[in-house]
Amino acid sequence: MSSKWREEQTISGPFISIPYYRYVREISKRDSTEKIVQIKEYLHVLPTQLNNSGNITPEKRSRGIYEIVVYNSPLEISGSFSKIDLAAVDVQPRNILFDKAEFVVGMDDLREIEEQVDLTWNREKISFNPGVSSNDVVKSGINGLVRLDPNGSTSYSFSLRLDLKGSQLLYFTPVGKVTNIRLASEWPNPSFNGAFLPDEREVTEKGFEAEWNVLHLNRNFPQIWTSDRHSISDSSFGIDLLLPVDNYQKSYRSIRYAILFIGFTFLAFFFVEVLNKIFIHPIQYILVGMALVIFYTLLLSISEHLKFNLAFIVLAVSTLLLIAGYIRAIRRSPKLTMLISGILTVLYTFIFVIIQLQDYALLIGSVGIFIILGLVMYFSRKIDWYNLNLESKAA
C-alpha cells in the first residue's frame, strides 16, 4: 500500500552543488611518462538559515484487513545562503564552474511531488528538474540551476513550496547553520524520532504541533565541503504517524506475557494439587498448556477479522470453558472447577487490562505481578515442602 500511494519521505536539503575541476598528475606504467588528468568533482554549500513549515493531513488507507497511515503535506521552505567562503576548502576559484551551480533538494521518492515546484532565488523564478548531478550528498532529488557571484561577495535568499504525498514517516535533515522546522497535524498519535527531539511540542486529542531548532554545532558535518567527505543522513529527524494500539500491537503485548501467564496457570494447578492433596498427571498439564498456547494463535488470526477486544473476550471465554470442562471431566469436582476457572478469569482480566494501556502497561503489569507473588507466598506459607503427600489416583 505504501508503494502504491507513496513511500516514507526524508527531505535532505536544500543545498548548492557546484562542479569544479581538480587536476591530478599521473605517471604511465608503460613508459613512465607524466600527464595531467582533469577530474570533475563537486563543491557542496549548505544554507545559513533554513526554515521549514507545514501542515500534515493524515488519512487511513486499508487493503483487505491491513491498514496504514498516509498523508498529504504542503511544505513552505525558505532561507538564505551567506557569501561562499572558499577558504574552508582547497579549491582554486578559477577551477570552479559557477555558471553550473545547482540548487538541490534531496528526496527519497520523487513520485511524492504533487505539483510543479518553482524556486524563488533572489526574486528570480527558477524551475526544477528531476534528478541530481552528484551522488555525494543525496542519491535522488530535484535540482535547479542558480546564478552565483564568482567573486563570492553576494548572499542569497530562497523560497519554495513542496506539495508532498507520503506514508507514515516524514523526516528532515538539518542542513542549515540554523534550522527551524515547524509541523502541525490533526493526527493525535505522533512519535518524534530521529537524531533530534522537538524543542517545543503540544500533543492533544485534536492533533499536535511541534517545533525543532537545530544548530550546526549539533551536527557532525560542516557548512561547506568537497566530494563525498561527509554524510548528512545520520542527522535526520521527524515524525512517525503511529496508528493507535491496533490488533497486532495488542497481540504482541499479550504474547509478551504468555510465558508468565502459562507459568502462573501451572503454578495454580500445582497449588491445587498440594492444598487439596490430589494428583494431576503431566499429560494433563501438557493438554492445558496446549490450550493456553493455541489461545494466542487464535487471538492473532481472529483479531484480523474482528475487533481485538471482541476477539479477546470470545477466545478467553472459550478457553476458560474448555479448561473448566476438562477439569470437571477429569476430577468431577465442581468446587475445584470453580476455583481453576476463577484463577484463569483473574489472569485473563489482568492481561486484557494491560494490553489496553499504552503509557502505564509496564507499571500496572509490574504491580500486578507483585500482588500475585504476594498471594502465592501467602497461600504457600504453611506448606511443608519436604513432606508433600499427594493422593496417587489416576486422573
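Residue indices begin at 1 and follow the sequence shown.
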* Asked: Which atoms form the tightest heavy-atom contact between Val138 and Val132, and what is the distance?
  -> O-CG2, 3.9 Å
* To the nearest 0.5 Å, how far apart are CG in Leu170 and CD1 in Ile11? -> 6.5 Å
* Would you confirm whether Gln9, through its side chain, and Asp108, through its main-chain N or O, come within 3.5 Å as a donor-acceptor pair? => yes
* Roughly how far apart are Ile371 CD1 and Leu375 CG, rounded to 0.5 Å? -> 7.5 Å
* Asked: Shortest non-hydrogen contact from Leu306 to Ala311?
  -> CB-CB, 4.5 Å
* Evaluate side-chain contact (heavy atoms from CB on, under 4.5 Å) for His44 paired with Thr226, printing each intermediate quantity in order. => CA-CA 6 Å; His44 308 291; Thr226 58; over 6 Å; no
* For Thr173 and Val175, indicate whether the former's side chain and the latter's backbone hold a donor-acceptor pair under 3.5 Å. => no
* Asked: Would the number of heavy atoms belonging to other residues, nucleotides or ligands and lying under 6.0 Å from CD of Gln38 be above 12?
  -> yes
* Less than 4.5 Å apart, any side-chain heavy atom of Ile39 and any of Glu41? -> yes
* To do: Look up atom CG in Leu267 and atom CG in Leu347, then write down how far apart they are to the nearest 0.5 Å.
  => 10.0 Å
* Is the Phe158 to Phe103 ring centre distance short of 6.0 Å? -> yes
* Ser233 and Ser231 side chains, donor-acceptor separation under 3.5 Å -> yes
* Asked: What are the two closest non-hydrogen atoms of Ser127 and Asp118, and how far apart are they?
  -> OG-OD1, 3.5 Å
* Any donor-acceptor pair under 3.5 Å from Asp163 side chain to Leu75 backbone -> no
* Distance-only, no hydrogens or angles: does the Asn122 side chain make a donor-acceptor pair with backbone N or O of Ser157 under 3.5 Å? -> yes
* **Donor-acceptor contact present, side-chain Arg147 to main-chain Glu124, <3.5 Å** => no
* Would you check if the side chain of Ser155 reaches a backbone N or O of Ser82 as a donor-acceptor pair within less than 3.5 Å? => no
* Is the shortest heavy-atom distance from the side chain of Leu215 to the side chain of Thr179 under 4.5 Å? -> no
* Asked: Are Val70 and Ile68 close enough, and set up right, to give a side-chain contact (heavy atoms from CB on, under 4.5 Å), and what steps lead you there?
  -> CA-CA 7 Å; Val70 298; Ile68 63 168; 3.8 Å; yes
* Regarding Ser17 and Ser134, is there a side-chain donor-to-acceptor distance under 3.5 Å anywhere? -> no
* Can you tell me if Ser159 and Glu76 form a side-chain donor-acceptor pair at under 3.5 Å? -> no
* Asked: Near Tyr378 OH, under 6.0 Å, is it more than 12 heavy atoms from other residues, nucleotides or ligands?
  -> no
* Pro47 backbone acceptor or donor facing Gln223 side chain under 3.5 Å -> yes
* To do: With the side chain counted from C-beta on, respond yes when Phe172 and Leu183 share a heavy-atom pair under 4.5 Å apart, and no when they do not.
  => yes
* How about Ile259: does its CD1 atom have over 12 heavy atoms from other parts shown lying under 6.0 Å from it? -> no
* Within the side chain of Ser140, is there an N or O that forms a donor-acceptor pair under 3.5 Å with the backbone of Met107? -> yes
* Hey, could you give me the CG/OH distance between Asn95 and Tyr21, rounded to the nearest 0.5 Å? => 10.0 Å
* Asked: Centroid-to-centroid, Tyr42 to Tyr20, below 6.0 Å?
  -> no
* To do: Decide yes or no for Ile126 and Leu145: does some side-chain heavy atom of the first lie under 4.5 Å from some side-chain heavy atom of the second?
  => no
* Structure fact -> Heavy-atom closest pair (Leu86 atom, Pro93 atom, distance to 0.1 Å) is CD1-CG, 3.8 Å
* **Pairwise distance CG(Leu50) to CD1(Ile181) - rounded to 0.5 angstrom** => 6.5 Å
* Asn180-Glu211 side chain donor-acceptor pair, cut-off 3.5 Å -> yes
* **Ring centers of Phe295, Tyr348 separated by less than 6.0 Å** => yes
* Leu46 and Ile224, any side-chain heavy atoms less than 4.5 Å apart -> no
* Shortest non-hydrogen contact from Val105 to Pro14? -> CG2-CB, 3.8 Å
* Taking the side chain as C-beta and beyond, is there a heavy-atom pair between Ile330 and Tyr326 under 4.5 Å? -> yes
* To do: Show your reasoning for whether side-chain contact (heavy atoms from CB on, under 4.5 Å) applies to Phe192 and Phe208.
  => CA-CA 11 Å; Phe192 303 103; Phe208 71 87; 4.3 Å; yes
* Test ring-ring contact (aromatic ring centres under 6.0 Å, His included) applied to His230 - qualifying residues, sequence neighbours left out -> Trp225
* To do: Quick one: closest heavy-atom pair of Pro190 and Val203, and the distance?
  => CD-CG1, 3.8 Å
* Rounded distance [0.5 Å steps], CD in Glu102 versus CG in Asn143 -> 4.0 Å
* Counting distance only, does the side-chain N/O of Arg161 pair as donor-acceptor with the main-chain N or O of Ile77 below 3.5 Å? -> no
* Do other residues, nucleotides or ligands put more than 12 heavy atoms under 6.0 Å from Arg182 CZ? -> no
* To do: Determine whether Ile16 and Phe81 make a side-chain contact, defined as any pair of heavy atoms from C-beta on separated by less than 4.5 Å.
  => yes
* To do: Check ring-ring contact (aromatic ring centres under 6.0 Å, His included) between Tyr156 and all other residues, then give those that pass, not counting sequence neighbours.
  => Trp121
* Asked: Checking Tyr71 side chain against Leu164 main chain: does a donor-acceptor pair fall under 3.5 Å?
  -> no
* Is it true that the side chains of Thr154 and Lys83 contain a donor and an acceptor less than 3.5 Å apart? -> no
* Sole candidate of Phe261, Phe312, Phe308 that passes ring-ring contact (aromatic ring centres under 6.0 Å, His included) when paired with Phe352 -> Phe312
* Heavy-atom check, side chain of Thr48 versus side chain of Val178, under 4.5 Å -> no
* Over 12 non-hydrogen atoms of neighbours within 6.0 angstrom of CG in Asn220 -> no
* Pair Thr57-Trp187, side-chain contact (heavy atoms from CB on, under 4.5 Å): steps then yes or no -> CA-CA 8 Å; Thr57 304; Trp187 192 253; over 6 Å; no
* Would the number of heavy atoms belonging to other residues, nucleotides or ligands and lying under 6.0 Å from CD of Glu209 be above 12? -> no
